[in-house]
Amino acid sequence: MTATLTAPDGVDSLLTAAEASALARVSAISVRNWANRGYRGVDGQWHRLPVSGKDRQGRNLYKLIDVAKAERATRARARRSH
């Protein structure tokens, strides 16, 4: 089964860690770790999930496309398909 990430504004939608985690089916702390510590991409290089802004409460916002790339790379390196 393949998870599909969708949002009303397309791939440039800005999401909080909680929203991103729900769409990517990971914990919110995983999303925050991708931003703070980074993740190893399918190319073997380390990448950080870029913060694309802040909401009114001061929470970091992430682009959907960036979250999808991090989630895909993490699953591919762990050899998980769902």
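Any value given below was found using the heavy atoms of this structure, including those in side chains, with hydrogens, waters and symmetry copies removed. Note that the structure is predicted; figures quoted are calculated from it, not measured.
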To the nearest 0.5 angstrom, please state how far the CZ atom of R32 sits from the CG atom of N60. 9.0 Å
Could you go through Y62 and L14, starting from their C-alpha distance and side-chain angles, then the distance that decides it, and tell me whether this counts as side-chain contact (heavy atoms from CB on, under 4.5 Å)? CA-CA 5 Å; Y62 309 96; L14 295 178; over 6 Å; no
Does the side chain of D12 reach to within under 4.5 Å of the side chain of L64, using non-hydrogen atoms? no
I want to check something: taking the side chain as every heavy atom from C-beta on, are W34 and D66 in contact at a cut-off of under 4.5 Å? no
Check R25 against R75 and note the closest heavy-atom contact, atom names and distance. O-NH2, 3.2 Å
For D55, what residues pass the side chain to side chain contact (heavy atoms under 4.5 Å, CB included) criterion, not counting sequence neighbours? T16, Q57, R59, L61
Does R48 reach the main-chain N or O of Y39 with its side chain, forming a donor-acceptor pair under 3.5 Å? no
So, does S30 use its side chain to make a donor-acceptor pair with the main chain of V26 at under 3.5 Å? no
Shortest non-hydrogen contact from G41 toward A73: CA-CB, 3.8 Å
What are the two closest non-hydrogen atoms of S52 and K63, and how far apart are they? OG-CG, 3.4 Å
Are the side chains of L49 and V67 in contact, using a 4.5 Å heavy-atom criterion? yes
